[in-house]
Amino acid sequence: MKIGILALQGAFIEHKHSLDALGVESFEIRQKKDIEKPFDGLIIPGGESTVIGKLLHKLDLYEPIKNMIGMPVFGTCAGLIILAKNIEDEQAHIGTMDITVRRNAYGKQIDSFSEEVVIPEVSDKPFPLVFIRAPWIDSVGDNVKILCKLNGHIVAARENNMLVTSFHPELTKNLDFHKYFINMIKQKKSR
Ligand code: GLN
């Protein structure tokens, strides 16, 4: 199994560390030639969605990456925004996932915080949620499964092979979310 991590901007190296800790091979996607060879899953990291969105176009990665979705993809924070079909007051980027998101939803006062919550689909032990200028999901389409809500706001969801979180599992030592994503890839491969 081999996972590509979009490495244009933001917290991509932390995802690599999580995958390394699980013994899963990964590589950085910085330009078109990086995605010529086959791979099994894609991670779109946190960072600044506007910057990542612009770079996707500038580097001619927008179309190839968009066409690749169907392959399991995990978007964290800005990565969630990149995958969303609807972004309040803004144009969508890749726009493959039927969710409506609000950027920087938590506002400046509490732009970073953490919380522990049990997410039954992922693990029966509490998972540390780390939020940094995070979006939340305002609404989801019929095919989207809500994995976690915090104070009434959706902060993790899955639609088919697309997994998104408002928070940053890669900034914690807990590997359960990455394990869950790896299982999505295994299931897809075994079908
Ligand atoms: N605020 C960023 C955005 O709107 C997301 C922050 C993050 O990825 N930690 O793109």
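If you read the sequence from its start, that first residue is 1, and numbering goes on from there. Just so you know, ligand 1 is whichever comes first in the structure, and atom 1 is the first atom listed for that ligand.
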> Salt bridge or not for D176 and K125, using N-O below 4.0 Å?
Replying inline: no

> If you count the non-hydrogen atoms of other residues, nucleotides and ligands that lie under 6.0 Å from CD in Q91, is the total more than 12?
Replying inline: no

> For A92 and K85, which heavy atoms make the closest approach, and how far apart are they?
Replying inline: CB-O, 3.3 Å

> Are F167 and I132 connected, step by step, through hydrophobic side chains (Ile, Leu, Val, Met, Phe, Trp, Tyr) whose heavy atoms are closer than 4.5 Å?
Replying inline: no

>> Tell me the nearest of E48, R133, H168 to atom 9 (N) of ligand 1, using heavy-atom distances.
In response: H168

> Evaluating non-hydrogen atoms only, which member of P135, G47, S112, A134 is closest to atom 6 (C) of ligand 1?
Replying inline: G47

> Which heavy-atom pair separates M1 from E25 by the least distance, and what is that distance?
Replying inline: O-CB, 3.6 Å

> For ligand 1, which atoms, with element, lie under 4.0 Å from some heavy atom of C77?
Replying inline: 5 (C), 6 (C), 7 (C), 8 (O), 9 (N)

> Among G79, S49, G10, which residue places a heavy atom closest to atom 10 (O) of ligand 1?
Replying inline: S49

> Near G46, which atoms of ligand 1 are under 4.0 Å from a heavy atom of that residue?
Replying inline: 8 (O)

> What part of R103, side chain, backbone, both or neither, has a heavy atom within less than 4.0 angstrom of ligand 1?
Replying inline: side chain

> Is the closest N or O pair between N104 and ligand 1 shorter than 3.5 Å?
Replying inline: yes

>> Is it true that, when you exclude K66 itself, more than 12 heavy atoms of the residues, nucleotides or ligands shown sit nearer than 6.0 Å to its NZ?
In response: yes

> For ligand 1, which atoms sit closer than 4.0 Å to a heavy atom of I81?
Replying inline: 3 (C), 4 (O), 10 (O)

